[in-house]
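For reference, the structure is listed below as structure tokens.
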2 protein chains.
Amino acid sequence: MKLSTRGRYGLKAMYQLAIHYGEGPIPLKNIADAQNLSENYLEQLFSSLRKNGLLNSVRGAQGGYMLARSPRDITVGSILRTLEGNLAPADCVIDGEYDCENEENCVTKLVWMRIRDSIDEVVDSITLQDMLDEYEYMKRKNKI
Amino acid sequence: MKLSTRGRYGLKAMYQLAIHYGEGPIPLKNIADAQNLSENYLEQLFSSLRKNGLLNSVRGAQGGYMLARSPRDITVGSILRTLEGNLAPADCVIDGEYDCENEENCVTKLVWMRIRDSIDEVVDSITLQDMLDEYEYMKRKNKI
DNA sequence: TGAATGTTGACAAAAATAGTAGGGTATAAT
DNA sequence: ATTATACCCTACTATTTTTGTCAACATTCA
Ligand code: FES
Ligand code: FES
């Protein structure tokens with residue numbers, strides 16, 4: 001039940017881009033350096049995020065990546081699902097994915113559904129803007 | 001973010017034992033056959049569950065496994081954690097496990113914490129008895 | 001043009017998962 | 001006592017997933 005590095009690195013990187021939202025494209029190298037990650041690996045993650053419409057890219061010198069829309073309109077859920085796939089704890093509670101036999105009478109399926117729903121509710125309710133706000137709040141609290 | 005077969009098989013098997021709670025020891029073979037699982041593999045899971053105090057065992061002929069206490073007092077959470085380890089989505093939100101550097105200012109950690117808490121709340125609120133009750137409810141609903 | 005940057009696909013090491021295999025030990029029934 | 005049953009334990013292995021690396025290429029800016 002752990003997230004892989006894809007989800008963990010990816011969310012951090014998207015948060016970094018959120019910090020610089022509106023400043024034009026940020027080169028991958030900046031993000032990778034700031035977090036001490038492999039540029040090549042992060043590239044794969046960004047490729048997925050771009051194909052899913054969460055990032056825009058600008059090629060060439062002075063190019064880079066930027067959020068495709070406002071931090072307010074990008075949820076943690078959309079990021080994690082792009083990088084990790086569906087967040088359900090078992091395949092049979094993913095729509096159209098896989099059906100166990102005898103699932104009409106399966107009680108454990110009800111458990112998986114409840115876990116799935118509670119995760120979805122959390123990740124879909126948090127946006128990148130919420131994370132920015134929380135950082136401001138943390139900073140103020142720690143300073144005073 | 002998937003559960004492994006340990007958690008999935010294990011919960012189903014524990015549910016089977018719950019159905020037969022109070023009937024004395026049930027041989028592993030019965031459970032394995034009923035679910036078409038490898039007896040040897042299930043044995044490993046039961047070994048963990050027994051060491052964690054969730055199962056009792058009786059050796060020898062007519063022996064087998066049984067729940068260590070009432071289905072009402074065994075939560076899904078205790079079963080899944082025994083078999084899967086802590087259900088947190090990242091190591092840094094497990095007490096005493098691992099600390100990221102700079103975690104005082106880490107906003108993603110707040111996200112992991114909220115995911116962790118919501119999973120915990122679900123799995124710790126469901127007991128084996130709840131699962132038995134849900135099955136009765138399902139059966140009645142489907143019959144009528 | 002040349003340097004900076006994104007794009008793509010193939011490849012590979014390492015770790016985790018999902019079992020198998022087999023010998024040992026305790027107990028009940030006979 | 002003997003035997004069949006069934007738990008107990010450890011080691012091993014095949015497969016899959018994760019976590020990257022690498023190289024060649026395309027685009028843009030100065
Ligand atoms: S229906 Fe998939 S676990 Fe029961
Ligand atoms: S503190 Fe662990 S991810 Fe930030």
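Reminder, nothing fancy here: chain letters follow the sequence lines and each chain counts from 1.
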Exercise. Does B:Ser78 reach the main-chain N or O of B:Ile74 with its side chain, forming a donor-acceptor pair under 3.5 Å?
Worked result: no
Whole-Å distance, B:Lys2 NZ to C:dA16 P, equals 19 Å
Rounded to whole Å, the CD1-P distance (A:Ile31 to C:dT5) equals 13 Å
- Query: Are OP1 or OP2 of D:dG20 and a side-chain N or O of A:Tyr9 less than 4.0 angstrom apart?
  - Reply: yes
#### Entry: Polar side-chain atom of B:Arg50 near backbone of B:Ser57 as donor-acceptor pair, under 3.5 Å
no
In whole angstroms, the gap separating C1' of D:dT5 from CD of B:Glu39 amounts to 11 Å
TODO: For A:Gly60, answer base if it contacts any base atom (sugar-phosphate contacts may also be present), sugar-phosphate if it contacts only those atoms, and nothing otherwise; contact means non-hydrogen atoms under 4.0 Å.
DONE: base
- prompt: Taking NZ, NE, NH1 and NH2 as the nitrogens, is one of them in A:Asp73 or A:Arg69 under 4.0 Å from a carboxylate oxygen of the other?
  reply: no
B:Arg6 CZ to C:dT17 P, in whole Å, measures 9 Å
Under-4.0 Å salt bridge between A:Asp124 and A:Arg81 = yes
Heavy-atom nearest nucleotide on DNA chain D taken for B:Tyr65 and for B:Ala61; more 5' hit belongs to B:Ala61
Separation of C:dT20 atom P from B:Leu37 atom CG, nearest Å, is 10 Å
OP1 or OP2 of D:dT21 versus the side-chain N and O atoms of A:Ser38: is any pair under 4.0 Å? yes
Output for pair (B:Glu43 CD, B:Tyr65 OH), nearest 0.5 Å, gives 5.5 Å
NZ of A:Lys109 to CZ of B:Arg8, rounded to nearest 0.5 Å, is 13.5 Å
To the nearest angstrom, the CE-P distance between B:Met1 and C:dT17 comes to 14 Å
message: So, OP1 or OP2 of D:dT19: does either fall under 4.0 Å of a side-chain N or O from A:Thr5?
response: yes
Ordered by number, residues from residues 40-58 of chain B within less than 4.0 Å of DNA chain D (heavy atoms) are B:Glu43, B:Gln44, B:Arg50, B:Lys51, B:Ser57, B:Val58
Keeping the roles fixed (side chain from A:Gln129, backbone from A:Ser70), state whether a donor-acceptor pair exists under 3.5 Å. no
Notebook entry, point to check: Side chain of A:Arg59, base of D:dT28: donor and acceptor closer than 3.5 Å?
Noted result: no
5'-most contact on DNA chain C (nearest-nucleotide basis), B:Gln62 vs A:Leu28, goes to A:Leu28
To the nearest angstrom, the CG-C1' distance between A:Asp91 and C:dA18 comes to 15 Å
